[in-house]
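Everything on this sheet refers to the single structure shown next.
Note that these values count all heavy atoms, side chains included, but never hydrogens, waters or copies made by symmetry.
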Amino acid sequence: MGLKNIKNKIKQFQHRWLHLPFLIIVGFFVTLLCFGDYNYSRRDGYVKQISDIKVQIQANEDSAAAYEAKTRELNTDRHTLERIAREKYGMKRANEDVYVTDIP
């Protein structure tokens, strides 16, 4: 009977004290996931922000490439430069008369 009594006391001791560290560890991780600086909802928001910023970067790179191509074209092709100067800014040569109409 003494051996059974000792085994029961050991089981009660293990049962009581082995659950406490487990509960503390679980509580620690739950606290980190829900209330910490890097909690799940904040992390999810950061991931969405990163993907939005990557899309914006790609759009800006595309528009920058288009502007670079246009600049390269204007620097190399004199006829294109003259055409844009005449159409967009209404420039003319010294011996020309330009008539502007608003006909759609």
Side-chain angles (χ1 to χ4, degrees):
M1 285 259 241
L3 190 57
K4 277 190 172 184
N5 195 11
I6 292 173
K7 284 183 180 180
N8 286 338
K9 285 185 180 184
I10 290 174
K11 282 184 182 181
Q12 287 176 353
F13 179 78
Q14 287 177 345
H15 185 67
R16 188 177 334 143
W17 290 105
L18 289 180
H19 286 298
L20 184 63
F22 178 73
L23 291 176
I24 290 173
I25 291 171
V26 169
F28 177 73
F29 283 116
V30 167
T31 302
L32 286 179
L33 287 175
C34 297
F35 304 112
D37 288 338
Y38 302 103
N39 62 25
Y40 181 74
S41 62
R42 208 178 268 178
R43 183 189 164 281
D44 191 39
Y46 291 152
V47 168
K48 287 179 184 176
Q49 276 184 333
I50 288 170
S51 65
D52 291 342
I53 290 172
K54 283 182 180 178
V55 168
Q56 289 176 1
I57 288 171
Q58 184 63 38
N60 289 338
E61 286 176 351
D62 292 344
S63 64
Y67 286 127
E68 286 177 8
K70 191 72 162 175
T71 302
R72 198 173 20 245
E73 180 184 7
L74 290 174
N75 287 334
T76 57
D77 190 11
R78 183 168 171 78
H79 297 291
T80 304
L81 180 63
E82 184 178 347
R83 179 181 55 82
I84 290 175
R86 288 172 174 268
E87 290 175 0
K88 193 168 186 177
Y89 299 109
M91 299 179 114
K92 64 177 185 130
R93 290 187 180 148
N95 60 356
E96 287 182 329
D97 291 329
V98 177
Y99 299 101
V100 180
T101 60
D102 287 337
I103 299 173

### Query
Going through the distances and angles, do Asp62 and Gln58 end up as a side chain to side chain donor-acceptor pair (under 3.5 Å)?
CA-CA 6 Å; Asp62 292 344; Gln58 184 63 38; 3.2 Å; yes

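- Residue Asn95 places its CG atom among more than 12 non-hydrogen atoms of other residues, nucleotides or ligands, all under 6.0 Å distant.
- Ile84 is not listed as a side-chain neighbour of Glu73, based on a closest heavy-atom distance of 4.5 Å or more.
- Ion pair Arg83/Glu87 flagged as a salt bridge, since at least one NZ, NE, NH1 or NH2 atom sits closer than 4.0 Å to an Asp/Glu carboxylate oxygen.
- In this structure, the separation between CG on Asn60 and CD1 on Ile53 is 11.5 Å, given to the nearest 0.5 Å.
- Atom-to-atom distance recorded for Thr76:OG1 and Leu81:CG is 10.0 Å, nearest 0.5 angstrom.
- Side-chain contact check for Met91 versus Glu96: every heavy-atom pair is 4.5 Å or farther apart.
- To the nearest 0.5 Å, the span separating CG on Asn39 from CG on Asp44 amounts to 10.0 Å.
- Between Glu68 and Arg72 there is no salt bridge, since no side-chain N of the basic residue sits under 4.0 Å from a carboxylate O of the acidic one.
- In Arg43, the CZ atom is not crowded: 12 or fewer heavy atoms of neighbouring residues, nucleotides or ligands sit closer than 6.0 Å.
- A chain of hydrophobic side-chain contacts below 4.5 Å, direct or via other Ile, Leu, Val, Met, Phe, Trp or Tyr residues, connects Phe22 to Val30.
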